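Source: prediction; values computed, not measured. Numbering of residues begins at 1 and proceeds along the displayed sequence.
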Amino acid sequence: MKYETIHGIQIPKIGFGTWRIGGESIADSSLDEKSLQALHSALEVGYTHFDTAEFYAQGHAEELLGKAVQESNIQREKLFITSKVWPGHLCYDAVLKACNSSLRRLKMETLDLYLIHWPNKLIKLEETFKALNQLVCEGKVKHVGVSNFNLKDLKKSIELSETPLLTNQVPYSLPENKYVKNGVVDFCKQNDILVTAYTPVNFRNMKVNTTLKAIAEAHEATSFQIALAWLTNQPRVITIPMSFDPQHQKENLDAADIELTAEETQTLNQLYKR
Ligand SMILES: NC(=O)c1ccc[n+]([C@@H]2O[C@H](COP(=O)([O-])OP(=O)(O)OC[C@H]3O[C@@H](n4cnc5c(N)ncnc54)[C@H](OP(=O)(O)O)[C@@H]3O)[C@@H](O)[C@H]2O)c1
């Protein structure tokens with residue numbers, strides 16, 4: 001596994017997403033067994049970074065992640081756990097309450113990373129960061145970051161955070177370049193902020209794209225792995241694919257070790273007419 005070293009910490013280039021664990025926007029207990037199996041296999045194949053949110057399955061994804069970690073007997077310090085506060089909870093008191101609830105559901109004393117899930121124009125960022133800074137001081141959160149933030153809000157967040165802002169988690173993949181076009185990806189790379197690329201492999205045409213397939217064959221890899229390697233080959237970019245399938249989970253984790261040539265990278269950059 002390759003890591004990004006930033007602000008004195010090491011974060012795996014590939015983490016595990018938890019959207020659909022325990023349901024989607026609504027908790028669905030009929031998915032518990034399948035979800036716990038997916039979390040256990042992810043821990044077994046070697047994922048150490050897990051991305052979750054209070055929004056996922058109404059907190060149930062956090063509950064199942066906490067349960068899987070406890071059952072695995074893996075030391076908490078060996079893991080890097082990210083959660084996110086929902087935009088409806090960005091007032092000072094609500095952030096503190098949301099964080100405590102996430103910790104309770106996860107059965108953990110601290111979060112490695114706590115993100116503002118989406119911006120909310122109705123609540124001043126100053127108020128949200130007052131709470132986030134306090135959570136860092138209290139040791140409930142080690143690092144803070146944002147998600148789905150444009151350049152203006154990202155720059156403001158950097159000013160308001162009393163500790164270095166660790167990441168902006170955004171949609172970023174071979175065909176998805178909104179955050180390249182709006183300048184966020186380059187700004188992050190130049191200012192020591194991680195880009196956490198979400199939804200890295202969930203796009204149409206991947207399996208049938210002949211160029212992607214040819215590069216995959218050259219590396220004895222799958223097209224999914226090449227789509228991930230294209231991300232992990234970029235400095236300051238990490239990614240968090242999600243899969244219920246243990247084989248896919250392992251393939252995704254292994255993708256971080258694929259080294260693309262400069263020519264392949266150039267071809268992939270042009271692939272979806274960026
Ligand atoms: N901050 C935000 O607003 C935000 C928004 C969206 C997502 N996220 C985070 O990002 C994570 C990942 O994004 P995502 O879940 O939307 O999409 P994704 O990880 O790009 O794609 C998931 C889909 O791809 C399939 N898949 C994964 N690896 C595969 C492989 N190696 N071979 C074949 N199929 C594969 C999965 O099916 P199988 O289960 O069958 O493998 C699933 O259908 C989420 O879980 C969440 O943690 C954050």
Side-chain angles (χ1 to χ4, degrees), residues 1-7 9-21 35 37-53 56 61 65 68-69 72 74 76-84 111-113 115 142-143 145 147 166-176 179-180 185 188-189 192-203 206-207 212 215-216 219-260 264-265 268:
M1 170 56 64
K2 282 207 213 88
Y3 292 83
E4 274 296 317
T5 303
I6 188 162
H7 307 305
I9 49 168
Q10 281 201 317
I11 305 182
K13 284 286 232 178
I14 304 243
F16 189 78
T18 64
W19 173 244
R20 295 190 300 140
I21 289 287
S35 300
Q37 273 173 9
L39 290 166
H40 278 298
S41 63
L43 286 160
E44 274 158 30
V45 297
Y47 284 87
T48 55
H49 173 195
F50 289 81
D51 176 83
T52 190
Y56 296 174
L65 177 58
V69 167
S72 73
I74 292 175
R76 171 65 185 88
E77 308 75 64
K78 303 257 190 251
L79 301 174
F80 188 93
I81 306 290
T82 302
S83 193
K84 315 184 194 82
L111 287 170
D112 295 283
L113 179 58
L115 309 181
K142 286 192 183 154
H143 305 277
S147 178
L166 203 68
T167 194
N168 189 7
Q169 185 179 122
V170 297
Y172 184 35
S173 64
L174 282 171
E176 173 56 73
Y179 281 84
V180 176
V185 169
C188 287
K189 287 179 179 176
D192 272 345
I193 295 169
L194 294 179
V195 174
T196 304
Y198 74 67
T199 316
V201 292
N202 202 2
F203 55 90
M206 183 191 329
K207 282 192 215 160
L212 198 49
I215 294 175
H219 287 271
E220 296 181 358
T222 69
S223 298
F224 291 83
Q225 289 180 300
I226 297 302
L228 292 170
W230 176 78
L231 289 167
T232 59
N233 275 237
Q234 298 175 42
R236 292 304 184 224
V237 177
I238 66 170
T239 187
I240 45 169
M242 191 281 170
S243 174
F244 280 107
D245 181 329
Q247 177 67 28
H248 292 168
Q249 292 176 354
K250 179 161 175 19
E251 286 170 6
N252 293 348
L253 203 58
D254 291 347
D257 296 322
I258 297 172
E259 297 281 353
L260 298 169
E264 287 167 339
T265 302
L268 291 168

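- Between G145 and L113, the shortest heavy-atom distance links the atoms N-CD1, 4.0 Å.
- For the salt bridge (charged side-chain N to carboxylate O under 4.0 Å, His left out) test, residues two or more places apart in sequence or in another chain that qualify with D192 are R236.
- The side-chain contact (heavy atoms from CB on, under 4.5 Å) test applied to A68 returns L36, L39, H40, L43, not counting sequence neighbours.
- Residues passing the side-chain hydrogen bond (donor to acceptor under 3.5 Å, both in side chains) test with T239: none are found, sequence neighbours excluded.
- Judged as a side-chain contact (heavy atoms from CB on, under 4.5 Å), and not counting sequence neighbours, the contacts of A38 are I21, F244, Q249.
- Residues A229 and A255 share a closest heavy-atom pair of CB-O, 3.7 Å.
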- Task: Could you walk me through whether T167 and I238 pass side chain to side chain contact (heavy atoms under 4.5 Å, CB included), step by step?
- Result: CA-CA 10 Å; T167 194; I238 66 170; 5.5 Å; no

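- The side-chain heavy atoms of I14 and P241, taken from C-beta on, include a pair separated by under 4.5 Å.
- In this structure, the side-chain contact (heavy atoms from CB on, under 4.5 Å) partners of E259, at least two apart in sequence or on a different chain, are K2, N233.
- Here the closest heavy-atom approach between residue Y172 and residue A197 is recorded as O-CB, 3.4 Å.
- Every residue two or more places apart in sequence or in another chain that forms a side-chain contact (heavy atoms from CB on, under 4.5 Å) with Q247 is listed here: D245, E251.
- V185 places none of its side-chain heavy atoms less than 4.5 Å from the side chain of N168.
- Looking at L260 and I226, their side chains come closer than 4.5 Å, going by heavy atoms from C-beta outward.
- Relative orientation of the F224 and H248 rings is parallel, given thresholds of 30° and 60° on the angle between their planes.
- Remark: K142 pairs with no residue by the side-chain hydrogen bond (donor to acceptor under 3.5 Å, both in side chains) rule, at least two apart or across chains.
- Contacts classified as salt bridge (Lys or Arg N to Asp or Glu O under 4.0 Å) and involving residues 10-20 (residues at least two apart or in different chains) are given here: E4-K13.
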- Query: So M1 and T48, side chain to side chain contact (heavy atoms under 4.5 Å, CB included) or not? Walk me through it.
  - Reply: CA-CA 10 Å; M1 170 56 64; T48 55; over 6 Å; no

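- Side-chain contact between Q234 and T265 is absent, with no heavy atoms from C-beta onward closer than 4.5 Å.
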- side chain to side chain contact (heavy atoms under 4.5 Å, CB included) assessment of N252 paired with F16: CA-CA 9 Å; N252 293 348; F16 189 78; over 6 Å; no

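- Taking the side-chain hydrogen bond (donor to acceptor under 3.5 Å, both in side chains) definition, one finds that H49 meets it with T82, sequence neighbours left out.
- Not counting sequence neighbours, the partners of D51 by the side-chain hydrogen bond (donor to acceptor under 3.5 Å, both in side chains) test are K84, Q169.
- To the nearest 0.5 Å, atom OG1 of residue T222 and atom NZ of residue K207 are 10.5 Å apart.
- Listed by chain and number, the residues in a salt bridge (charged side-chain N to carboxylate O under 4.0 Å, His left out) with R76 are D112 (sequence neighbours excluded).
- Here E264 pairs with nothing under the salt bridge (charged side-chain N to carboxylate O under 4.0 Å, His left out) rule; sequence neighbours left out.
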